[in-house]
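Following: one structure in structure tokens, then a few remarks.
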Amino acid sequence: MEKLNNHLVIMAGGVGSRFWPMSTEEKPKQFIDVLGVGKSLLQLTVERFCGIAKPQNVWVVTNKAYIGIVREQLPDLPEGNILCEPCRRNTAPCIAYVSWKIKSKDPKANIVVSPSDHIVTNTEEFRRIIKSCLNFTADSDAIVTLGMKPTRPETGYGYIQADLSSSSLRNKEIFRVYSFREKPDLETAKQYISKNNYYWNAGIFIWNVSTIVNAFRIFQPNISKIFEAMLPIYGTEKEQQLIDERFPECESISVDYAIMEKAEEIFVCPADFGWSDLGTWGSLLANTKKDLYGNSCIGNDIQTYETSNCIIHATQEKKVIVQGLDGYIVAENDDTLLICRLAEEQRIKQFTGKS
């Protein structure tokens with residue numbers, strides 16, 4: 001059963017179109033059915049947290065351009081739980097806003113913050129880990145982040161170096177963070193995974209509301225003053241107007257730089273539940289079911305001949321036949337068809353102006 005003070009915050013304001021032509025700036029990847037399962041990544045994220053937080057304690061922070069999409073995809077979410085950023089200011093102001101908003105309603109809130117566009121294949125283990133971390137932060141001043149066990153020398157993720165010499169006395173699965181590392185080059189990534197104490201930084205955070213609000217007060221006083229001053233108006237008709245006025249004053253800074261790399265009581269919970277942030281077509285191929293020839297086919301009727309190692313996403317067509325390709329992306333959406341070598345995926349932006 002959900003604990004009354006557990007809250008879920010989903011950050012859904014990203015505007016990337018990495019899965020072009022399927023995703024666009026008007027409808028980025030968190031709002032599309034990337035996996036071909038009839039649900040968007042945002043909907044799958046909410047579903048993944050079932051049993052952790054009550055529906056009235058689920059919050060989505062998004063760009064004003066996506067308010068309508070969020071309401072459409074999450075019709076059971078209370079309208080007041082969709083927070084609108086008037087402009088992009090990275091993750092720290094986003095988290096500060098929703099933290100003070102939650103604090104105004106529930107001073108004892110215990111919060112998990114998650115991106116909206118990741119996938120998890122082992123949801124049972126995911127929920128176990130999240131509940132364990134929430135128990136850890138409920139009555140402490142600890143900040144916990146999840147560290148994903150690396151499976152390859154990935155250069156697209158930041159890393160967390162854990163101090164595995166001793167675990168927390170209150171939870172044997174949780175360790176202190178020794179350092180945060182930026183996205184490495186390939187040789188550095190190889191060095192990281194050769195050791196047993198480096199983990200991918202998944203950008204999932206767990207803390208209680210007092211801890212995160214106090215951390216902002218200490219390490220980001222300019223940001224904290226803005227949202228602290230709004231305490232009397234949260235939940236009133238004046239809230240959005242004042243947010244529109246004051247939010248742009250915030251520095252554009254990630255919560256990693258703003259808080260995580262400065263605070264002292266920072267912990268990591270190493271985890272392995274089949275996680276990916278699905279940043280590329282290649283990562284989608286790696287994290288979906290493949291046939292005997294290494295093809296991942298997402299669509300109603302896709303047939304392949306003499307084809308291998310391809311990601312084929314065609315959910316709008318009645319029948320798709322692909323012959324003679326090796327290592328390609330084949331993706332369609334509305335009136336656009338993309339056929340591109342997987343190895344050249346980074347050049348999609350060059351070809352189309354999309355990223």
For [X], does the [atom1] atom have more than 12 heavy-atom neighbours from other residues, nucleotides or ligands under 6.0 Å away?
X: Lys105; atom1: NZ; answer: no
X: Glu245; atom1: CD; answer: yes
X: Gln346; atom1: CD; answer: yes
X: Arg341; atom1: CZ; answer: no
X: Gln323; atom1: CD; answer: yes
X: Lys262; atom1: NZ; answer: yes
X: Tyr257; atom1: OH; answer: no
X: Tyr178; atom1: OH; answer: no

Same apolar cluster: [X] and [Y], side chain cutoff 4.5 Å:
X: Val113; Y: Met260; value: yes
X: Ile226; Y: Tyr234; value: yes
X: Ile259; Y: Trp100; value: yes
X: Val209; Y: Ile233; value: yes

Any side-chain heavy-atom pair of [X] and [Y] under 4.5 Å:
X: Lys319; Y: Gln303; value: yes
X: Tyr97; Y: Leu83; value: yes
X: Phe205; Y: Val255; value: yes
X: Leu338; Y: Trp20; value: yes
X: Ile10; Y: Leu42; value: yes
X: Leu77; Y: Val60; value: yes
X: Leu44; Y: Val37; value: yes
X: Ile95; Y: Trp207; value: yes

If every non-hydrogen atom of [X] is compared with every non-hydrogen atom of [Y], which pair is closest and at what distance?
X: Cys84; Y: Ile243; result: O-CG2, 3.8 Å
X: Pro86; Y: Asp244; result: CB-OD1, 3.4 Å
X: Leu4; Y: Lys54; result: CD2-CE, 3.4 Å
X: Thr62; Y: Ala12; result: OG1-O, 2.8 Å
X: Tyr157; Y: Ser276; result: OH-OG, 3.9 Å
X: Pro28; Y: Glu26; result: CD-C, 3.8 Å

Under 3.5 Å, is there a donor-acceptor pair linking the side chains of [X] and [Y]?
X: Asn208; Y: Thr211; value: yes
X: Gln161; Y: Tyr159; value: no
X: Asn171; Y: Ser132; value: yes
X: Asn90; Y: Ser252; value: no

Only one of Thr137, Asp139, Asn135, Asn57 passes side chain to side chain donor-acceptor pair (under 3.5 Å) with Asn110; say which it is.
Thr137
With a 4.0 Å cut-off, would you call [X] and [Y] a salt bridge?
X: Lys29; Y: Asp117; result: yes
X: Glu47; Y: Lys39; result: yes
X: Glu154; Y: Lys183; result: no
X: Glu173; Y: Arg128; result: yes
X: Glu85; Y: Lys64; result: no
X: Lys225; Y: Glu228; result: no

How far apart are the C-alpha atoms of Arg176 and Ser166, what are their side-chain angles, what is the distance that settles it, and do they pass the side chain to side chain donor-acceptor pair (under 3.5 Å) test?
CA-CA 8 Å; Arg176 283 193 176 273; Ser166 62; over 6 Å; no
What do the steps show when you test Asp163 against Asn197 for side chain to side chain donor-acceptor pair (under 3.5 Å), and what is the final call?
CA-CA 7 Å; Asp163 179 1; Asn197 66 327; over 6 Å; no
With side chain to side chain contact (heavy atoms under 4.5 Å, CB included) as the criterion, how do Ile102 and Val9 come out once you've worked through the C-alpha distance, each side chain's angles and the decisive distance to 0.1 Å?
CA-CA 10 Å; Ile102 292 172; Val9 171; 3.7 Å; yes
Are Tyr192 and Trp200 close enough that their ring centers fall under 6.0 Å?
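Aromatic pair excluded; centres sit 6.0 Å or further apart.
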State which residues pass ring pair (Phe, Tyr, Trp, His ring centres under 6.0 Å) with [X]; sequence neighbours excluded, sorted by chain then number.
X: Tyr199; result: none
X: Phe216; result: none
X: Tyr328; result: none
X: Phe273; result: Phe126

What distance separates [X] [atom1] from [Y] [atom2], expressed to the nearest 0.5 Å?
X: Lys289; Y: Thr121; atom1: NZ; atom2: OG1; answer: 14.0 Å
X: Arg152; Y: Lys190; atom1: CZ; atom2: NZ; answer: 14.0 Å
X: Asn333; Y: Lys27; atom1: CG; atom2: NZ; answer: 8.5 Å
X: Ile321; Y: Asp301; atom1: CD1; atom2: CG; answer: 8.0 Å

Taking side chain to side chain contact (heavy atoms under 4.5 Å, CB included) as the test, write out the residues that go with Tyr293, two or more places apart.
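For Tyr293, the residues satisfying side chain to side chain contact (heavy atoms under 4.5 Å, CB included) (neighbours in sequence not counted) are Asp291, Asn295, Ser308.
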Holding to side chain to side chain contact (heavy atoms under 4.5 Å, CB included), I want the full list of residues that pass it with Asn300, two or more places apart in sequence or in another chain.
none
Fit a plane to each ring of Phe19 and Trp281, take the angle between them on a 0 to 90° scale, and name the class: parallel (under 30°), tilted (30 to 60°) or perpendicular (over 60°).
perpendicular
For the residue pair Trp59 and His7, categorise the inter-ring angle as parallel (less than 30°), tilted (30 to 60°) or perpendicular (more than 60°).
parallel
Criterion side chain to side chain contact (heavy atoms under 4.5 Å, CB included) on Ser99 and Phe227, from CA distance to verdict
CA-CA 9 Å; Ser99 296; Phe227 298 105; over 6 Å; no
Is there a donor-acceptor contact under 3.5 Å from the side chain of Gln43 to the main chain of Ser40?
yes
Test Arg89 against Glu251 for salt bridge (Lys or Arg N to Asp or Glu O under 4.0 Å), laying out the working first.
CA-CA 7 Å; Arg89 285 295 183 268; Glu251 177 186 359; over 6 Å; no
